[in-house]
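Down below is the structure, laid out as structure tokens.
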Amino acid sequence: MLRIYNTLTGSKESFESMVPGKVRMYVCGVTVYDYCHIGHARSALVFDVLRRYLEYSGFAVEFAKNFTDVDDKIIKRANEQGVSCDHITATYIKAYYDDMDRLGVRRATLEPRATEHIADIVALVETLVAKGMAYRVNGDVYFQVDRYPGYGRLSKRKIDDLQAGARVDVDERKRHPMDFALWKGSKPGEPSWDSPWGPGRPGWHIECSAMAMRHLGETFDIHGGGMDLIFPHHENEIAQSCGATGKEFARYWVHNGFVQINQEKMSKSLGNFFTIREIFDKSEWPDTVTGEMLRYFLMSTHYRSPLDFSDQSLAEAKNALNGLYDLFERLKEPAPAHGAADQQMREANTRTRQAFTDAMDDDLNTPNAVAALQKLRGEANKALDAGLSAEMRHAVRHEFRSLGLMLGLLQSDDWQFKSQPKQSVVGTCADERADFSDEEIAAKIAERLAAKQSKNYKLADQLRTELASQGITIEDRPDGTSRWKR
RNA sequence: GGCGCCGUACCCAAGUGGCUAAGGGAGCAGUCUGCAAAACUGCGAUGCGGCGGUUCGAACCCGCCCGGCGCCUCCA
């Protein structure tokens, strides 16, 4: 039974879906005006894992993740580049998919866009106006926060405590400083749609309410996003949604913590952010390996804690994964029909699955879940020393694959091969390395093997040194063959 | 000013009242190896920012202090 931290109540609660066997969740996606950074990756991954775990737990998951494709920032970016808003959004939606695919983030079952739901949005705003919860100022429509008595219950704030205008000028036309735009009259040249209040476009918060209600119903199970969305975005979603329907909006509010750089929030204003593609481009490993490194890294800290990104932590994730994949290689070796350690291994598998699901049930405690996998690695290696049958070896690999699937890890069959660094393409270093083709390396290795067999170790070592000078490392295997990597 | 979070070994990171404080990385030692590399095995905090308090018992609860951070504005 999953227990999950609900921001609304401030405590871990047993998760019970409204409809048995079915979960409906909505996660705030991205505003498509720029490339995604690691913070976006973390959020996407957290909810990808939540979705995977719910599915493992037997739920059919209806998962909506939106694209905000009409917004001030998009308009600004389009004007800067002298292109249309459509061009901007198309560009960054494509980039988003590229990034998410490399991270192994599964597509949501529904991916609504704000511009495709203008009619829903207008209808929702009309309802709020009719109920007296929203008012018109020229071509704009504002939500009046003091008409919704529950305002502040998600972010635990009182309206009076909010220092409106502390860092931004208050719009004098608003009745209360915290009132927010549901509909914005548009200026010439901006994207606009007809409405009862004249040509305009949606405010930021209303699209999520409209799309969630359209696709998941007026009340649904889980609503998620980054911590920073708690206020004002999600607070406002609740106000306008509950205000319109008189029903609860989402039942469980789930928020992930930030990615930081040197203990500080990563943000564009501080200029200390890394885009996802930047990490892949800079990585010396192939994309599949880099993607798994990132996933492992992001899973090794609890989703609600802040997490510090660095090259070192990424390298540690790589090394930790190496240990797992090395075990998988060992498991592939020829094995007897019966093993002395089969029984204890079987028990270890069972124990691990229990520990893993216990960890996941406890508010998605992925660090503990990963620890359970690592513990099984040690047990499997010891069992291997004591003797494991072919069947049991297969069962162990299957256990890792099955549990790893919930985290999107450990699915590769040829990681060792793939984890050779990708070939450099530019720079003097690469030019030197390009001296040896794969064929030449193979020839050198064969030559060295022959030298070894005739116990001409001097020559063998000389060949190894020669290859090492080109950045090629040789590993001898027990059967006398050698493998190499750059 | 309001609301909130964090401080656990060299580094990362679980644990939040009671068996020997998970797990990973690094390091060190050993096994294997012609020598290496890789791998495997072993070792590692009498203590959980500090000081008090509650309790039979606290890393975990309470208070104060020190240090760091977030939200209150667009932000994952």
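A, B, ... follow the sequence lines: proteins, then strands. Residue 1 opens every chain. What you are looking at is a predicted structure, and each value in this text was computed from that prediction instead of being measured.
To the nearest whole angstrom, the two P atoms, one in B:C6 and one in B:A14, are 11 Å apart. Distance check on atom P: B:G44 versus B:G23 gives 12 Å, rounded to whole Å. Only the C1' atoms considered, B:A58 is 13 Å distant from B:G47, to the nearest whole Å. One P atom belongs to B:C48, the other to B:A22, and the distance between them is 15 Å to the nearest Å. Of the C1' atoms belonging to B:G27 and B:C11, the separation is 11 Å, rounded to the nearest Å. The separation of B:A21 from B:A59, taken at their P atoms, amounts to 10 Å, rounded to a whole angstrom. With both ends at atom P, the span from B:G2 to B:A9 equals 32 Å, rounded to whole Å. The gap from the C1' atom of B:A45 to that of B:U20 amounts to 13 Å, rounded to the nearest Å.
Among the atoms of the strands shown, none is found under 4.0 Å from any heavy atom of A:His255. Within 4.0 Å (heavy atoms only), A:Arg464 reaches at least one base atom of the nucleic acid. Heavy atoms of A:Asp385 sit under 4.0 angstrom from primed sugar atoms or phosphate atoms, though from no base atom. Using a 4.0 Å heavy-atom cutoff across all strands shown, A:Leu229 reaches sugar-phosphate atoms only and no base atom. Looking at heavy-atom distances under 4.0 Å, A:Thr31 makes no contact with the nucleic acid at all. Residue contacts for A:Gly226: at a heavy-atom cut-off of 4.0 Å it reaches the sugar-phosphate backbone alone, with no base atom in range. Counting non-hydrogen atoms under 4.0 angstrom, A:Val259 reaches a base of the nucleic acid. At the heavy-atom level, A:Met266 lies under 4.0 Å from base atoms of the strands shown. Nucleic acid contact class of A:Phe258 (heavy atoms, under 4.0 Å, all strands): base. Counting non-hydrogen atoms under 4.0 angstrom, A:Lys382 reaches the backbone sugars and phosphates but no base. As judged by a 4.0 angstrom heavy-atom cut-off over every strand, A:Arg77 is placed among residues making no nucleic acid contact.
In this entry the distance linking NE2 of A:His223 with C1' of B:A76 reads 12 Å, nearest Å. If you measure from atom CD of A:Glu379 to atom C1' of B:A22, you get 13 Å, rounded to the nearest angstrom. One atom, CG of A:Asp358, and another, C1' of B:A22, lie 14 Å apart when rounded to the nearest Å. We find that NZ of A:Lys158 is positioned 16 Å from C1' of B:C71, with the value rounded to whole Å. Atom CG in A:Asp308 sits roughly 11 Å away from atom C1' in B:C69 (whole-Å rounding). In this structure, A:Asp228 atom CG and B:C5 atom C1' are separated by 15 Å, rounded to whole Å. Here the P atom of nucleotide B:G15 and the NE2 atom of A:His302 are 7 Å apart, to the nearest Å. The nearest whole Å value for the distance from the CG atom in A:Leu324 to the P atom in B:C40 is 10 Å.
A salt bridge is defined here as a Lys NZ or Arg NE, NH1 or NH2 lying under 4.0 Å from an Asp or Glu carboxylate O, and A:Lys76 with A:Asp71 fails to meet this definition. Under the 4.0 Å criterion applied to side-chain N and carboxylate O atoms, A:Lys12 and A:Asp361 are not assigned as salt-bridge partners. Taking 4.0 Å as the cut-off between side-chain N and carboxylate O, A:Lys444 and A:Glu440 do not count as a salt-bridged pair. Salt-bridge formation is detected for the pair A:Arg401/A:Asp413: a Lys NZ or Arg NE/NH1/NH2 atom is positioned less than 4.0 Å from an Asp or Glu carboxylate oxygen. Salt bridge status for A:Arg102 with A:Asp99: present, with a side-chain N to carboxylate O gap under 4.0 Å. A salt bridge is absent between A:Lys382 and A:Glu379: the closest approach of a Lys/Arg side-chain nitrogen to an acidic carboxylate oxygen does not fall below 4.0 angstrom.
If you find the closest nucleotide of RNA chain B to A:Glu475 and to A:Pro306, the one lying nearer the 5' end belongs to A:Pro306. Nearest-nucleotide positions on RNA chain B for A:Asn368 and A:Ile38 put A:Asn368 closer to the 5' end.
The side chain of A:Thr301 lies closest to B:A14, out of B:A14, B:C35, B:A76. In the set B:A14, B:G34, B:A39, the nucleotide with an atom closest to the side chain of A:Ser305 is B:A14. Residue A:Phe231 places its side chain closer to B:C71 than to any other of B:A39, B:C71, B:G34. Of the candidate nucleotides B:G2, B:A14, B:A76, B:G2 has the atom lying nearest to any side-chain atom of A:Arg157. When distances run from any side-chain atom of A:Lys265 to the nucleotides B:C40, B:G70, B:A39, the shortest one goes to B:G70. When each of B:A14, B:C69, B:C71 is scored by its nearest atom to the side-chain atoms of A:Gln260, the top-ranked nucleotide is B:C69. Ranking B:G2, B:C35, B:A76 by closeness to the A:Asp461 side chain, first place goes to B:C35.
Counting heavy atoms from C-beta on, the side chains of A:Asp179 and A:Phe143 never come closer than 4.5 Å.
Pair check for B:G47 finds none; no Watson-Crick or G-U wobble contact set falls under 3.5 Å. Pair check for B:G7 finds B:C66; Watson-Crick or G-U wobble, both atom distances under 3.5 Å. Using Watson-Crick or G-U wobble geometry with both donor-acceptor distances under 3.5 Å, B:G1 finds its partner in B:C72. In this structure B:U33 sits in no base pair that meets the Watson-Crick or G-U test at under 3.5 Å. As the counterpart of B:G23, B:C12 is assigned, both hydrogen-bonding distances of the Watson-Crick or G-U wobble pattern falling under 3.5 Å. Under the Watson-Crick and G-U wobble criteria, each requiring two contacts below 3.5 Å, nucleotide B:A59 is left unpaired. Across the strands present, B:U54 finds no partner; the criterion is a Watson-Crick or G-U wobble pair with both atom distances under 3.5 angstrom.
A cation-pi contact links A:Arg397 to A:Phe328, judged by a cut-off of 6.0 Å to the six-membered ring centre and 45° from its axis. Taking the centre and axis of the six-membered ring of A:Phe258, the NZ or CZ atom of A:Arg42 falls outside the cone set by 45° and 6.0 Å.
A donor-acceptor distance shorter than 3.5 angstrom exists from the side chain of A:Asp221 to the backbone of A:Arg24, with no hydrogens or angles considered. The main-chain N or O of A:Asn368 is found under 3.5 Å from a side-chain atom of A:Asn365 such that the two form a donor-acceptor pair. Side chain of A:Asn262 to backbone of A:Glu264: no donor-acceptor contact under 3.5 angstrom is found.
Checking the phosphate oxygens (OP1, OP2) of B:C40, a side-chain nitrogen or oxygen of A:Asn381 falls inside 4.0 Å.
The base of B:C32 is not paired with the side chain of A:Asp476 by any donor and acceptor separated by under 3.5 Å.
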Dump the pairs, protein N or O against N or O of nucleotides 23-25 of chain B, anything under 3.5 Å, distances to one decimal.
unit_1, atom_1, unit_2, atom_2, d
B:G24, N2, A:Glu316, OE1, 3.1
B:G25, O3', A:Asn319, ND2, 3.4

